[in-house]
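Data first, discussion second: the structure below is written as structure tokens.
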Amino acid sequence: MSRLALGRYSRYLSRLKPLPHLNHPLPFSSSAASSQDGAACHTGPPPIRVGLTESAGRAVFATRRIGSGDLIHTAKPVLTCPSLLSLDSVCYLCLKKLMGSAKFRDRGVFYCSQECQDNAKGFYDVETRGDWSSFVDYCSTHNFKYPLMVKRLSCMVILGALSADCLDILQPATLSSAMISKIEDGYGLLWNAFRKANFTEDDVAFLTKQWYTGILARIRINAFRIDLVGGSCGEDLLSLAAASVEGEGAVGHAVYMLPSFYNHDCDPNAHIFWLQNADARLMTLRDVEEGEELRICYIDASMGYEARQTLLSQGFGFCCNCLRCQSRD
Ligand SMILES: C[S@@+](CC[C@H](N)C(=O)[O-])C[C@H]1O[C@@H](n2cnc3c(N)ncnc32)[C@H](O)[C@@H]1O
């Protein structure tokens, strides 16, 4: 698997098998969850804060007790990108599957709604001015997904929809020199495409090699692979989370702010999942006490100790020291 293609999500969590007494309807939804979710809405901020840990950088902590199976908060993506294989079947902006739903077509791509089509103007009016074939070929040949996200982000920056430093707060990966050299090939192709499309030096002044590499280093650690579960939030969350383990495959990738501060655990107490589109939902997998750190699993938790350690070290640059790893399980 390409290092750039490493997904950051949990596809299997043995703990997700819902226990009978946990099969209750959603009892709580943070203020970040919309009332359209069919959930009872609490007012006020979500019951979490971002703080520092001793050995794992920043982290998310519960500010009160949160019951098992509760929705902690929802999160809108800062940046989305459909996989190349999903281009005809998902909304170009929110990644919702288009099967059976309305399709809004705009200059060769599809949206699930007029709203998504309008919101995508924040990058698509720039994107349609360029010829991206060499850049897309490079991504397809190497099976790289993340450079396509940088392309979309670049278009958003040019149109003023996002600022060039919008992801600076996220932790960057440490990139090897071999990776940097592959990344630089992509940078050259992207730069050429913008220049051939007659964007001025001023328009693309932010698009330096350093910026491009820094964004990819952040996306590498913080992008989530989006596997849609389907269903609605009125359903039991633990069942929906379990369904996310057996998703059909990724529809694309997305970057978020708050979810990026969740650290990893091979036996996590929280889980991130997606229902109909790239709006993320964070939920607890067991009771969490006030002050406890909330952690999700970045990888396939069904793997053995050695495989997990290798993946976390190569993909995310850390050695996992969670209780499960300490017991070599
Ligand atoms: C998505 S970020 C999580 C937030 C991060 N701690 C921060 O300060 O932005 C992933 C990075 O956090 C650190 N991290 C996450 N889980 C960890 C763990 N269990 N042990 C050590 N470091 C961890 C690693 O540096 C990893 O690359």
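Below, all heavy atoms of this structure are taken into account, side chains as well, without hydrogens, waters or symmetry copies. Please read these numbers as outputs of a predicted model, since none were measured by experiment. Every number for a ligand or one of its atoms is a count from 1 in the order of the listing.
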* Relative to atom 20 (N) of ligand 1, which among Tyr298, Phe261, Phe318 owns the nearest non-hydrogen atom? ->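 Looking at heavy atoms only, the winner is Phe318.
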[X] with [Y]: basic N within carboxylate O range, under 4.0 Å:
{"X": "Arg308", "Y": "Asp329", "answer": "no"}
{"X": "Lys151", "Y": "Glu127", "answer": "yes"}
{"X": "Glu292", "Y": "Arg65", "answer": "no"}

* Specify whether His253 and Tyr146 have parallel, tilted or perpendicular ring planes, treating 30° as the upper limit for parallel and 60° as the lower limit for perpendicular. =>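 Geometry flag for Tyr146 against His253: perpendicular rings.
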* **ligand 1 atoms in contact with Asn263 (distance to a heavy atom under 4.0 Å)** => 3 (C), 4 (C), 5 (C), 6 (N), 12 (O), 13 (C), 14 (N), 15 (C), 16 (N)
* Asked: Which ligand 1 atoms does Gln171 reach within 4.0 Å, using its non-hydrogen atoms?
  -> 5 (C), 6 (N), 7 (C), 8 (O), 9 (O), 11 (C), 12 (O), 24 (C), 25 (O), 26 (C), 27 (O)
* Please work out whether any backbone atom (N, CA, C, O) or any side-chain heavy atom from C-beta onward of Asn222 is under 4.0 Å from ligand 1, and answer side chain, backbone, both or neither. =>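 It is the side chain that gets close, since no backbone atom is under 4.0 Å.
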* Structure fact -> So for Ser260 against ligand 1, with non-hydrogen atoms under 4.0 Å, the contacting part is backbone
* To do: Indicate whether any N or O donor in one side chain lies under 3.5 Å from an N or O acceptor in the other, for Thr200 and Asp203.
  =>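 Yes, side-chain donor-acceptor contact under 3.5 Å.
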* Is a donor on one side and an acceptor on the other found under 3.5 Å between the side chain of Asp106 and the backbone of Gln117? ->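 Side chain of Asp106 to backbone of Gln117: no pair is present.
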* Asked: Is the backbone of Phe194 close enough, under 3.5 Å, to the side chain of Arg129 for a donor and an acceptor to pair up by distance?
  ->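 Not confirmed, Arg129 side chain does not pair with Phe194 backbone.
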Any N or O of [X] that comes nearer than 3.5 Å to an N or O of ligand 1?
{"X": "Tyr262", "answer": "no"}
{"X": "Asp265", "answer": "no"}
{"X": "Ser55", "answer": "no"}
{"X": "Phe316", "answer": "yes"}

* contact_flag Ala59 ligand 1 heavy-atom lt 4.0 Å ->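 The answer is no, since Ala59 has no heavy atom less than 4.0 Å from ligand 1.
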